[in-house]
Amino acid sequence: MLAGIQQIDEVEWEVPVGYVPGMRVPGRFFLSDDLAETLEPDAVHQLANVACLPGIERYSLAMPDIHSGYGFPIGGVAAFDAESGVISPGGVGYDINCGVRLIATPLRADDITQPRALIEELFRTVPTGVGAESSLRLSHHDLAAMMTEGVRWAVEAGYGVENDISHCEESGRLDAADTAPVSKKAFQRGMPQAGTLGSGNHFLEIQEVDAVFDPETAEAFGLSPGQICFMVHCGSRGLGHQVCTDHLRVLESAHKRYGISIPDRQLACAPLSSPEGEAYFGAMAAAANYAWVNRQVITHQVRQVLQRMFGIAYEEMPLVYDVAHNVAKMEEHSSERGRRRFCVHRKGATRAFGPGLPEVPAAYRSVGQPVIIPGSMGSHSYVLHGTATAMERTFGSTCHGAGRVMSRTKAKKATPGSEVRKHLLEQGIVVRATSDAAIAEEAPEAYKESDKVVDVVRRAGLSLPVVRLRPLGVIKG
DNA sequence: ATGTCC
(Lines give C-alpha, C1' and ligand atoms only; values in the text may rest on other atoms or scores of the structure.)
Protein backbone atom coordinates (compact mmCIF):
# COMPACT_ATOMS: atom_id res chain seq x y z
CA MET A 1 0.00 0.00 0.00
CA LEU A 2 1.04 3.62 -0.57
CA ALA A 3 2.97 5.33 2.21
CA GLY A 4 0.80 7.25 4.68
CA ILE A 5 -2.34 5.16 4.08
CA GLN A 6 -3.74 3.43 7.16
CA GLN A 7 -5.59 0.13 7.14
CA ILE A 8 -8.96 0.21 8.95
CA ASP A 9 -10.03 -3.38 8.33
CA GLU A 10 -9.39 -6.05 5.69
CA VAL A 11 -11.07 -4.03 2.90
CA GLU A 12 -11.14 -0.43 4.16
CA TRP A 13 -8.30 2.13 4.12
CA GLU A 14 -7.94 5.66 5.46
CA VAL A 15 -6.19 8.63 3.85
CA PRO A 16 -5.48 10.76 6.95
CA VAL A 17 -5.98 14.51 7.19
CA GLY A 18 -2.66 16.06 6.16
CA TYR A 19 -2.04 13.61 3.29
CA VAL A 20 -2.43 16.74 1.18
CA PRO A 21 -2.60 20.25 2.72
CA GLY A 22 -6.05 21.63 3.48
CA MET A 23 -8.01 18.41 4.06
CA ARG A 24 -11.12 19.03 6.19
CA VAL A 25 -11.94 15.34 6.70
CA PRO A 26 -10.08 12.05 6.09
CA GLY A 27 -10.44 10.02 2.91
CA ARG A 28 -11.65 6.42 3.03
CA PHE A 29 -11.54 3.83 0.25
CA PHE A 30 -12.48 0.18 -0.07
CA LEU A 31 -10.00 -2.24 -1.66
CA SER A 32 -8.84 -5.84 -1.26
CA ASP A 33 -5.21 -7.01 -1.24
CA ASP A 34 -5.59 -8.58 -4.69
CA LEU A 35 -6.79 -5.27 -6.16
CA ALA A 36 -4.14 -3.19 -4.35
CA GLU A 37 -1.77 -3.32 -7.33
CA THR A 38 -4.42 -1.59 -9.50
CA LEU A 39 -4.52 1.45 -7.20
CA GLU A 40 -3.26 4.61 -8.91
CA PRO A 41 -1.43 7.10 -6.64
CA ASP A 42 -3.08 9.90 -8.67
CA ALA A 43 -6.54 8.62 -7.77
CA VAL A 44 -5.69 8.62 -4.03
CA HIS A 45 -4.35 12.17 -4.41
CA GLN A 46 -7.65 13.19 -6.02
CA LEU A 47 -9.59 11.51 -3.20
CA ALA A 48 -7.57 13.60 -0.71
CA ASN A 49 -8.09 16.79 -2.76
CA VAL A 50 -11.87 16.33 -2.60
CA ALA A 51 -11.59 16.30 1.21
CA CYS A 52 -10.44 19.96 0.97
CA LEU A 53 -13.78 21.23 -0.40
CA PRO A 54 -16.08 23.29 1.89
CA GLY A 55 -18.95 21.53 3.63
CA ILE A 56 -17.71 17.99 2.99
CA GLU A 57 -19.25 15.60 5.52
CA ARG A 58 -17.33 12.89 7.38
CA TYR A 59 -15.15 11.36 4.64
CA SER A 60 -14.15 11.73 1.02
CA LEU A 61 -15.00 8.19 -0.13
CA ALA A 62 -14.04 5.84 -2.95
CA MET A 63 -15.26 2.43 -3.98
CA PRO A 64 -13.01 -0.50 -5.11
CA ASP A 65 -13.38 0.50 -8.78
CA ILE A 66 -11.48 3.73 -7.99
CA HIS A 67 -9.36 5.23 -10.76
CA SER A 68 -8.30 8.75 -11.64
CA GLY A 69 -10.82 11.01 -13.31
CA TYR A 70 -11.43 14.71 -13.95
CA GLY A 71 -10.77 16.32 -10.54
CA PHE A 72 -12.64 13.73 -8.48
CA PRO A 73 -11.67 10.06 -8.78
CA ILE A 74 -14.06 7.76 -10.63
CA GLY A 75 -15.57 5.51 -7.97
CA GLY A 76 -15.80 8.57 -5.70
CA VAL A 77 -18.58 9.55 -3.30
CA ALA A 78 -18.73 12.88 -1.46
CA ALA A 79 -21.58 14.42 0.54
CA PHE A 80 -21.69 18.20 0.99
CA ASP A 81 -23.85 19.94 3.58
CA ALA A 82 -26.95 21.50 1.99
CA GLU A 83 -26.30 24.82 3.74
CA SER A 84 -22.51 25.19 3.82
CA GLY A 85 -21.44 22.87 1.00
CA VAL A 86 -20.55 23.12 -2.66
CA ILE A 87 -21.47 21.47 -5.92
CA SER A 88 -18.78 20.49 -8.43
CA PRO A 89 -19.14 19.22 -12.02
CA GLY A 90 -15.95 17.18 -11.47
CA GLY A 91 -17.86 15.19 -8.85
CA VAL A 92 -20.45 14.15 -11.41
CA GLY A 93 -18.40 13.75 -14.59
CA TYR A 94 -18.92 14.59 -18.22
CA ASP A 95 -21.47 11.85 -18.84
CA ILE A 96 -24.20 13.14 -16.53
CA ASN A 97 -26.41 10.29 -15.28
CA CYS A 98 -24.55 7.63 -17.13
CA GLY A 99 -26.30 4.60 -15.69
CA VAL A 100 -27.50 1.08 -16.17
CA ARG A 101 -30.82 -0.74 -16.20
CA LEU A 102 -31.96 -4.33 -16.31
CA ILE A 103 -35.01 -5.55 -18.22
CA ALA A 104 -36.42 -8.99 -17.38
CA THR A 105 -38.08 -11.29 -19.95
CA PRO A 106 -39.96 -14.60 -19.84
CA LEU A 107 -37.33 -16.11 -22.20
CA ARG A 108 -34.93 -18.87 -21.14
CA ALA A 109 -31.39 -19.28 -22.47
CA ASP A 110 -32.45 -22.16 -24.78
CA ASP A 111 -35.07 -19.89 -26.42
CA ILE A 112 -32.18 -17.92 -27.95
CA THR A 113 -31.48 -20.34 -30.80
CA GLN A 114 -30.08 -17.66 -33.12
CA PRO A 115 -28.19 -15.15 -30.98
CA ARG A 116 -26.52 -13.62 -34.06
CA ALA A 117 -29.89 -12.80 -35.66
CA LEU A 118 -31.19 -11.24 -32.45
CA ILE A 119 -28.04 -9.15 -31.98
CA GLU A 120 -28.18 -7.96 -35.61
CA GLU A 121 -31.84 -6.95 -35.24
CA LEU A 122 -31.09 -5.03 -32.04
CA PHE A 123 -28.08 -3.39 -33.71
CA ARG A 124 -30.31 -2.23 -36.60
CA THR A 125 -32.93 -0.89 -34.19
CA VAL A 126 -30.87 0.88 -31.51
CA PRO A 127 -28.71 3.70 -32.98
CA THR A 128 -25.16 3.07 -31.81
CA GLY A 129 -21.76 4.78 -31.90
CA VAL A 130 -20.28 8.29 -31.71
CA GLY A 131 -22.67 10.77 -33.30
CA ALA A 132 -25.49 8.21 -33.62
CA GLU A 133 -28.85 9.83 -34.37
CA SER A 134 -32.31 8.84 -33.24
CA SER A 135 -35.44 8.17 -35.31
CA LEU A 136 -37.37 10.38 -32.87
CA ARG A 137 -38.29 13.77 -34.31
CA LEU A 138 -38.49 16.14 -31.38
CA SER A 139 -39.46 19.77 -31.06
CA HIS A 140 -37.64 22.16 -28.75
CA HIS A 141 -40.70 21.90 -26.50
CA ASP A 142 -40.47 18.06 -26.42
CA LEU A 143 -36.82 18.23 -25.42
CA ALA A 144 -37.55 20.75 -22.64
CA ALA A 145 -40.42 18.55 -21.44
CA MET A 146 -38.30 15.40 -21.25
CA MET A 147 -35.59 17.26 -19.34
CA THR A 148 -38.20 18.52 -16.87
CA GLU A 149 -40.36 15.40 -16.49
CA GLY A 150 -37.87 12.56 -17.01
CA VAL A 151 -39.15 9.00 -17.53
CA ARG A 152 -42.78 10.07 -17.08
CA TRP A 153 -42.45 12.07 -20.32
CA ALA A 154 -41.34 8.89 -22.14
CA VAL A 155 -44.16 6.79 -20.69
CA GLU A 156 -46.78 9.39 -21.63
CA ALA A 157 -45.30 9.57 -25.14
CA GLY A 158 -45.81 5.79 -25.51
CA TYR A 159 -42.27 4.58 -24.81
CA GLY A 160 -43.00 2.60 -21.66
CA VAL A 161 -45.44 1.60 -18.96
CA GLU A 162 -46.30 3.12 -15.57
CA ASN A 163 -44.27 0.50 -13.69
CA ASP A 164 -41.09 1.69 -15.46
CA ILE A 165 -41.30 4.99 -13.58
CA SER A 166 -41.31 3.61 -10.03
CA HIS A 167 -38.52 1.16 -10.93
CA CYS A 168 -36.03 3.95 -11.62
CA GLU A 169 -33.94 5.58 -8.90
CA GLU A 170 -35.72 8.88 -8.02
CA SER A 171 -38.62 7.65 -10.21
CA GLY A 172 -36.54 8.71 -13.21
CA ARG A 173 -36.76 12.42 -12.45
CA LEU A 174 -34.70 14.94 -10.48
CA ASP A 175 -37.12 17.72 -9.58
CA ALA A 176 -34.30 20.28 -9.42
CA ALA A 177 -34.19 20.21 -13.23
CA ASP A 178 -34.14 23.61 -14.88
CA THR A 179 -33.78 24.03 -18.64
CA ALA A 180 -32.95 27.77 -18.43
CA PRO A 181 -29.23 27.12 -17.70
CA VAL A 182 -29.09 24.45 -20.47
CA SER A 183 -27.38 26.19 -23.39
CA LYS A 184 -28.72 26.37 -26.92
CA LYS A 185 -25.75 24.29 -27.99
CA ALA A 186 -26.63 21.57 -25.46
CA PHE A 187 -30.22 21.57 -26.77
CA GLN A 188 -28.91 21.25 -30.32
CA ARG A 189 -26.67 18.31 -29.44
CA GLY A 190 -29.43 16.57 -27.48
CA MET A 191 -32.14 17.03 -30.09
CA PRO A 192 -31.20 14.10 -32.38
CA GLN A 193 -29.81 11.81 -29.67
CA ALA A 194 -32.73 10.72 -27.45
CA GLY A 195 -32.81 6.93 -27.72
CA THR A 196 -29.22 6.33 -28.83
CA LEU A 197 -26.61 4.15 -27.17
CA GLY A 198 -23.41 6.13 -27.73
CA SER A 199 -19.93 4.64 -27.57
CA GLY A 200 -17.07 3.64 -25.28
CA ASN A 201 -18.14 1.44 -22.39
CA HIS A 202 -21.82 1.91 -23.20
CA PHE A 203 -23.53 -1.27 -24.28
CA LEU A 204 -26.68 -3.28 -24.77
CA GLU A 205 -26.32 -6.92 -23.69
CA ILE A 206 -28.33 -10.12 -23.79
CA GLN A 207 -27.62 -11.85 -20.50
CA GLU A 208 -28.56 -15.08 -18.77
CA VAL A 209 -29.03 -15.39 -15.00
CA ASP A 210 -26.30 -18.00 -14.43
CA ALA A 211 -25.99 -18.01 -10.63
CA VAL A 212 -28.39 -17.15 -7.81
CA PHE A 213 -26.84 -16.25 -4.44
CA ASP A 214 -29.99 -15.10 -2.64
CA PRO A 215 -33.09 -16.91 -3.98
CA GLU A 216 -35.63 -14.98 -1.89
CA THR A 217 -34.37 -11.57 -2.99
CA ALA A 218 -33.97 -12.81 -6.58
CA GLU A 219 -37.64 -13.74 -6.52
CA ALA A 220 -38.58 -10.32 -5.14
CA PHE A 221 -36.63 -8.75 -8.04
CA GLY A 222 -38.42 -11.08 -10.52
CA LEU A 223 -35.25 -13.02 -11.42
CA SER A 224 -34.73 -16.79 -11.71
CA PRO A 225 -31.96 -19.18 -12.89
CA GLY A 226 -31.61 -19.49 -16.68
CA GLN A 227 -33.72 -16.37 -17.32
CA ILE A 228 -32.84 -14.04 -20.20
CA CYS A 229 -32.47 -10.35 -19.36
CA PHE A 230 -31.32 -7.26 -21.25
CA MET A 231 -28.94 -4.73 -19.76
CA VAL A 232 -28.63 -1.16 -21.06
CA HIS A 233 -25.65 1.01 -20.12
CA CYS A 234 -25.64 4.59 -21.44
CA GLY A 235 -25.97 8.23 -20.44
CA SER A 236 -26.87 11.73 -21.57
CA ARG A 237 -24.77 11.72 -24.77
CA GLY A 238 -23.70 15.08 -26.22
CA LEU A 239 -26.26 16.99 -24.16
CA GLY A 240 -24.77 16.07 -20.78
CA HIS A 241 -21.27 16.57 -22.13
CA GLN A 242 -22.16 20.09 -23.26
CA VAL A 243 -23.82 20.95 -19.92
CA CYS A 244 -20.65 19.86 -18.11
CA THR A 245 -18.39 21.84 -20.48
CA ASP A 246 -20.54 25.00 -20.27
CA HIS A 247 -20.78 25.05 -16.49
CA LEU A 248 -17.16 24.07 -15.81
CA ARG A 249 -16.20 27.24 -17.64
CA VAL A 250 -18.42 29.32 -15.34
CA LEU A 251 -17.38 27.57 -12.12
CA GLU A 252 -13.66 27.75 -12.90
CA SER A 253 -13.82 31.44 -12.07
CA ALA A 254 -16.84 31.43 -9.72
CA HIS A 255 -15.14 29.68 -6.80
CA LYS A 256 -12.80 32.68 -6.31
CA ARG A 257 -15.77 35.03 -5.84
CA TYR A 258 -16.84 32.93 -2.84
CA GLY A 259 -13.38 32.71 -1.28
CA ILE A 260 -13.06 28.98 -1.93
CA SER A 261 -9.49 27.82 -2.51
CA ILE A 262 -9.20 24.58 -4.45
CA PRO A 263 -6.08 22.38 -4.69
CA ASP A 264 -6.77 21.50 -8.34
CA ARG A 265 -8.41 23.60 -11.05
CA GLN A 266 -10.46 20.53 -12.03
CA LEU A 267 -12.27 20.80 -8.68
CA ALA A 268 -14.06 23.96 -9.85
CA CYS A 269 -17.14 24.37 -7.66
CA ALA A 270 -19.54 26.88 -6.18
CA PRO A 271 -21.69 27.03 -3.03
CA LEU A 272 -24.93 25.08 -3.48
CA SER A 273 -26.78 28.27 -2.56
CA SER A 274 -24.97 30.52 -5.10
CA PRO A 275 -26.49 31.50 -8.46
CA GLU A 276 -23.67 29.67 -10.29
CA GLY A 277 -24.10 26.55 -8.15
CA GLU A 278 -27.86 26.56 -8.61
CA ALA A 279 -27.51 27.03 -12.37
CA TYR A 280 -25.21 24.01 -12.68
CA PHE A 281 -27.42 21.96 -10.37
CA GLY A 282 -30.53 22.75 -12.47
CA ALA A 283 -28.81 22.01 -15.79
CA MET A 284 -27.17 18.84 -14.42
CA ALA A 285 -30.57 17.61 -13.19
CA ALA A 286 -32.10 18.37 -16.61
CA ALA A 287 -29.35 16.35 -18.30
CA ALA A 288 -29.91 13.53 -15.78
CA ASN A 289 -33.60 13.43 -16.72
CA TYR A 290 -32.62 13.33 -20.40
CA ALA A 291 -30.38 10.31 -19.68
CA TRP A 292 -33.29 8.48 -18.02
CA VAL A 293 -35.46 9.15 -21.05
CA ASN A 294 -32.62 7.93 -23.27
CA ARG A 295 -32.47 4.58 -21.46
CA GLN A 296 -36.27 4.40 -21.47
CA VAL A 297 -36.52 4.88 -25.25
CA ILE A 298 -33.84 2.22 -25.79
CA THR A 299 -35.83 -0.09 -23.51
CA HIS A 300 -38.87 0.52 -25.70
CA GLN A 301 -36.84 -0.35 -28.80
CA VAL A 302 -35.60 -3.59 -27.20
CA ARG A 303 -39.15 -4.56 -26.18
CA GLN A 304 -40.40 -3.94 -29.72
CA VAL A 305 -37.70 -6.20 -31.18
CA LEU A 306 -38.57 -8.96 -28.70
CA GLN A 307 -42.29 -8.57 -29.41
CA ARG A 308 -41.60 -8.98 -33.15
CA MET A 309 -39.13 -11.86 -32.87
CA PHE A 310 -40.60 -13.87 -29.97
CA GLY A 311 -44.24 -12.74 -29.74
CA ILE A 312 -43.83 -11.64 -26.10
CA ALA A 313 -46.29 -9.11 -24.65
CA TYR A 314 -44.86 -5.70 -23.68
CA GLU A 315 -45.93 -6.18 -20.05
CA GLU A 316 -43.97 -9.45 -19.83
CA MET A 317 -40.70 -7.47 -20.02
CA PRO A 318 -40.68 -5.47 -16.78
CA LEU A 319 -37.92 -3.07 -15.83
CA VAL A 320 -36.19 -4.62 -12.82
CA TYR A 321 -34.47 -1.34 -11.92
CA ASP A 322 -32.46 1.61 -13.27
CA VAL A 323 -29.48 3.08 -11.37
CA ALA A 324 -27.52 6.29 -11.93
CA HIS A 325 -23.69 6.21 -11.91
CA ASN A 326 -22.82 9.90 -12.36
CA VAL A 327 -25.05 12.32 -10.52
CA ALA A 328 -25.25 14.76 -7.61
CA LYS A 329 -28.50 15.00 -5.68
CA MET A 330 -30.06 16.07 -2.42
CA GLU A 331 -30.52 13.24 0.07
CA GLU A 332 -31.18 13.03 3.78
CA HIS A 333 -28.61 11.10 5.83
CA SER A 334 -27.69 10.61 9.48
CA SER A 335 -24.80 12.68 10.79
CA GLU A 336 -23.29 13.67 14.13
CA ARG A 337 -25.65 16.66 13.99
CA GLY A 338 -28.68 14.41 13.43
CA ARG A 339 -30.58 13.82 10.19
CA ARG A 340 -29.49 16.41 7.65
CA ARG A 341 -29.71 17.11 3.95
CA PHE A 342 -26.62 16.68 1.82
CA CYS A 343 -25.76 17.04 -1.82
CA VAL A 344 -24.35 13.57 -2.48
CA HIS A 345 -21.99 13.43 -5.45
CA ARG A 346 -21.58 9.95 -6.91
CA LYS A 347 -19.12 9.75 -9.77
CA GLY A 348 -18.81 6.20 -11.00
CA ALA A 349 -20.63 4.98 -7.89
CA THR A 350 -24.10 3.56 -7.31
CA ARG A 351 -26.73 4.41 -4.73
CA ALA A 352 -27.29 1.32 -2.56
CA PHE A 353 -30.14 2.24 -0.22
CA GLY A 354 -31.00 -0.43 2.32
CA PRO A 355 -34.27 -1.97 3.48
CA GLY A 356 -37.21 0.01 4.81
CA LEU A 357 -36.55 3.34 3.12
CA PRO A 358 -39.30 5.27 1.29
CA GLU A 359 -36.92 5.89 -1.66
CA VAL A 360 -36.89 2.13 -2.39
CA PRO A 361 -39.87 1.00 -4.54
CA ALA A 362 -42.64 -0.74 -2.56
CA ALA A 363 -42.01 -4.11 -4.25
CA TYR A 364 -38.38 -4.14 -3.04
CA ARG A 365 -38.64 -2.16 0.20
CA SER A 366 -38.25 -5.09 2.57
CA VAL A 367 -34.90 -6.15 0.99
CA GLY A 368 -33.34 -2.86 -0.16
CA GLN A 369 -32.94 -1.37 -3.61
CA PRO A 370 -31.56 -3.42 -6.51
CA VAL A 371 -27.94 -2.50 -7.28
CA ILE A 372 -26.96 -3.31 -10.87
CA ILE A 373 -23.23 -3.72 -11.52
CA PRO A 374 -22.23 -4.15 -15.17
CA GLY A 375 -19.14 -6.17 -15.95
CA SER A 376 -16.77 -5.27 -18.76
CA MET A 377 -17.44 -6.70 -22.22
CA GLY A 378 -17.65 -10.47 -22.00
CA SER A 379 -17.51 -10.66 -18.21
CA HIS A 380 -20.19 -11.20 -15.58
CA SER A 381 -22.60 -8.54 -14.41
CA TYR A 382 -24.26 -8.67 -11.00
CA VAL A 383 -27.43 -7.67 -9.24
CA LEU A 384 -26.95 -6.92 -5.55
CA HIS A 385 -29.15 -5.26 -2.96
CA GLY A 386 -28.51 -2.19 -0.82
CA THR A 387 -27.85 -2.47 2.93
CA ALA A 388 -28.11 -0.64 6.24
CA THR A 389 -24.29 -0.83 6.39
CA ALA A 390 -24.05 1.28 3.22
CA MET A 391 -26.38 3.84 4.84
CA GLU A 392 -24.02 4.05 7.84
CA ARG A 393 -20.65 3.96 6.09
CA THR A 394 -20.97 5.40 2.56
CA PHE A 395 -24.10 7.60 2.43
CA GLY A 396 -25.87 4.58 0.90
CA SER A 397 -23.36 3.98 -1.89
CA THR A 398 -21.46 1.14 -3.53
CA CYS A 399 -19.29 0.46 -6.59
CA HIS A 400 -20.48 0.96 -10.18
CA GLY A 401 -18.58 -1.58 -12.23
CA ALA A 402 -15.29 -3.07 -13.14
CA GLY A 403 -13.21 0.08 -13.61
CA ARG A 404 -10.51 0.58 -16.23
CA VAL A 405 -6.92 -0.53 -15.66
CA MET A 406 -5.66 0.25 -19.18
CA SER A 407 -6.16 3.46 -21.19
CA ARG A 408 -8.15 3.34 -24.43
CA THR A 409 -4.99 4.01 -26.46
CA LYS A 410 -3.06 1.29 -24.67
CA ALA A 411 -5.92 -1.21 -25.09
CA LYS A 412 -6.07 -0.50 -28.84
CA LYS A 413 -2.38 -1.29 -29.17
CA ALA A 414 -2.51 -4.38 -26.94
CA THR A 415 -4.88 -6.62 -28.96
CA PRO A 416 -6.63 -6.05 -32.31
CA GLY A 417 -10.42 -5.84 -32.09
CA SER A 418 -10.85 -8.75 -34.52
CA GLU A 419 -8.91 -10.98 -32.13
CA VAL A 420 -10.93 -9.84 -29.09
CA ARG A 421 -14.12 -10.58 -31.04
CA LYS A 422 -12.87 -14.07 -31.99
CA HIS A 423 -11.83 -14.82 -28.42
CA LEU A 424 -15.27 -13.82 -27.07
CA LEU A 425 -17.05 -15.89 -29.74
CA GLU A 426 -15.10 -18.94 -28.53
CA GLN A 427 -16.76 -18.33 -25.14
CA GLY A 428 -20.18 -18.19 -26.82
CA ILE A 429 -20.46 -14.38 -26.77
CA VAL A 430 -21.53 -12.65 -29.98
CA VAL A 431 -20.21 -9.08 -30.27
CA ARG A 432 -21.54 -6.50 -32.71
CA ALA A 433 -19.92 -3.05 -32.79
CA THR A 434 -19.58 -0.08 -35.12
CA SER A 435 -15.89 -0.86 -35.58
CA ASP A 436 -13.14 -3.29 -34.52
CA ALA A 437 -11.34 -0.37 -32.87
CA ALA A 438 -14.35 0.10 -30.55
CA ILE A 439 -14.03 -3.58 -29.55
CA ALA A 440 -10.27 -3.28 -28.92
CA GLU A 441 -10.77 -0.28 -26.59
CA GLU A 442 -13.18 -2.28 -24.48
CA ALA A 443 -11.24 -5.56 -24.35
CA PRO A 444 -11.79 -7.46 -21.07
CA GLU A 445 -8.05 -7.14 -20.26
CA ALA A 446 -8.48 -3.33 -20.11
CA TYR A 447 -10.68 -3.67 -17.00
CA LYS A 448 -10.50 -4.92 -13.44
CA GLU A 449 -12.38 -8.17 -12.96
CA SER A 450 -15.95 -7.31 -11.93
CA ASP A 451 -16.01 -10.41 -9.68
CA LYS A 452 -13.17 -8.98 -7.55
CA VAL A 453 -14.75 -5.52 -7.29
CA VAL A 454 -18.11 -7.00 -6.27
CA ASP A 455 -16.38 -9.20 -3.72
CA VAL A 456 -14.94 -6.12 -1.97
CA VAL A 457 -18.33 -4.42 -1.56
CA ARG A 458 -19.77 -7.74 -0.35
CA ARG A 459 -17.03 -8.12 2.27
CA ALA A 460 -17.49 -4.48 3.34
CA GLY A 461 -21.25 -5.13 3.55
CA LEU A 462 -22.03 -2.15 1.26
CA SER A 463 -24.27 -4.35 -0.90
CA LEU A 464 -24.89 -8.09 -1.10
CA PRO A 465 -24.99 -10.28 -4.24
CA VAL A 466 -28.37 -11.54 -5.45
CA VAL A 467 -27.69 -12.95 -8.93
CA ARG A 468 -24.89 -13.13 -11.48
CA LEU A 469 -25.50 -12.57 -15.20
CA ARG A 470 -23.49 -14.07 -18.08
CA PRO A 471 -23.47 -12.23 -21.44
CA LEU A 472 -24.64 -14.09 -24.57
CA GLY A 473 -24.47 -11.13 -26.92
CA VAL A 474 -23.11 -7.59 -26.78
CA ILE A 475 -23.80 -4.43 -28.79
CA LYS A 476 -21.08 -1.80 -28.53
CA GLY A 477 -20.66 1.73 -29.83
C1' DA B 1 -17.80 9.88 -21.76
C1' DT B 2 -17.64 13.32 -26.14
C1' DG B 3 -19.68 16.16 -33.28
C1' DT B 4 -12.52 11.83 -29.11
C1' DC B 5 -9.22 19.62 -30.98
C1' DC B 6 -13.98 25.19 -33.02
Side-chain angles (χ1 to χ4, degrees), chain A residues 43 46 65-76 88-101 126-134 138 143 182-204 232-249 266 280 283-284 286-288 290-295 298 323-328 345-350 374 376-377 400-413 417 433-443 446-447 475-477:
Chain A
Q46 290 182 329
D65 42 357
I66 179 172
H67 56 287
S68 66
Y70 185 91
F72 285 57
I74 295 159
S88 173
V92 173
Y94 273 90
D95 191 4
I96 295 165
N97 192 8
C98 173
V100 59
R101 58 166 56 190
V126 181
T128 297
V130 183
E133 296 203 350
S134 168
L138 301 169
L143 193 53
V182 176
S183 68
K184 193 178 167 193
K185 205 169 172 185
F187 262 85
Q188 281 168 350
R189 291 181 71 176
M191 196 77 84
Q193 294 186 325
T196 64
L197 195 62
S199 65
N201 66 358
H202 291 166
F203 67 72
L204 165 60
V232 178
H233 181 199
C234 64
S236 51
R237 310 284 284 106
L239 187 147
H241 193 275
Q242 192 63 46
V243 164
C244 184
T245 305
D246 291 341
H247 287 267
L248 267 173
R249 194 178 306 139
Q266 294 186 353
Y280 169 65
M284 183 272 305
Y290 177 90
W292 270 309
V293 172
N294 192 26
R295 291 196 285 278
I298 291 171
V323 296
H325 285 166
N326 289 3
V327 84
H345 292 55
R346 295 192 183 90
K347 187 209 198 159
T350 311
S376 57
M377 183 169 61
H400 87 306
R404 243 178 208 288
V405 288
M406 203 187 281
S407 71
R408 288 168 201 279
T409 355
K410 204 176 159 195
K412 265 194 280 198
K413 284 177 191 159
T434 45
S435 71
D436 272 352
I439 298 177
E441 284 182 11
E442 294 297 314
Y447 285 86
I475 287 171
K476 272 283 180 191

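We name chains A, B, ... by the order of the sequence lines, and we start the count at 1 in each one.
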* Is the shortest side-chain N/O distance from A/Arg237 to OP1 or OP2 of B/dT2 below 4.0 Å? -> yes
* How is A/Glu133 classified with respect to the nucleic acid when contacts are heavy atoms under 4.0 Å: base, sugar-phosphate, or nothing? -> nothing
* **Set of side-chain contact (heavy atoms from CB on, under 4.5 Å) partners for A/Val405, sequence neighbours left out** => A/Thr38, A/Lys448
* Check every strand shown and say whether A/Lys347 touches a base, only sugar-phosphate, or nothing at a heavy-atom separation below 4.0 Å. => nothing
* Would you say A/Ser199 reaches B/dT2's phosphate, i.e. side-chain N/O to OP1/OP2 under 4.0 Å? -> yes
* **Criterion side chain to side chain contact (heavy atoms under 4.5 Å, CB included) on A/Asn326 and A/Tyr94, from CA distance to verdict** => CA-CA 8 Å; A/Asn326 289 3; A/Tyr94 273 90; over 6 Å; no
* Structure fact -> Atom NZ of A/Lys184 and atom P of B/dC6 are separated, to the nearest Å, by 18 Å
* Asked: With under 30° as parallel and over 60° as perpendicular, where do the rings of A/Phe72 and A/His345 fit, or are they tilted in between?
  -> parallel
* Base, sugar-phosphate alone, or nothing: which one does A/Gly200 contact when heavy atoms must sit under 4.0 Å apart? -> sugar-phosphate
* Asked: Please give, in whole Å, the distance from B/dT4 C1' to A/Glu441 CD?
  -> 9 Å
* For A/His400, which residues count as a side-chain contact (heavy atoms from CB on, under 4.5 Å) partner, sequence neighbours excluded? -> A/Asp65, A/Ile74, A/His325, A/Thr350
* Between A/Lys476 (NZ) and B/dT4 (P), how many Å, whole number? -> 19 Å
* Length of the CD-P vector between A/Gln242 and B/dT4, whole Å -> 12 Å
* Whole-Å distance between B/dC6 P and A/Gln188 CD? -> 15 Å
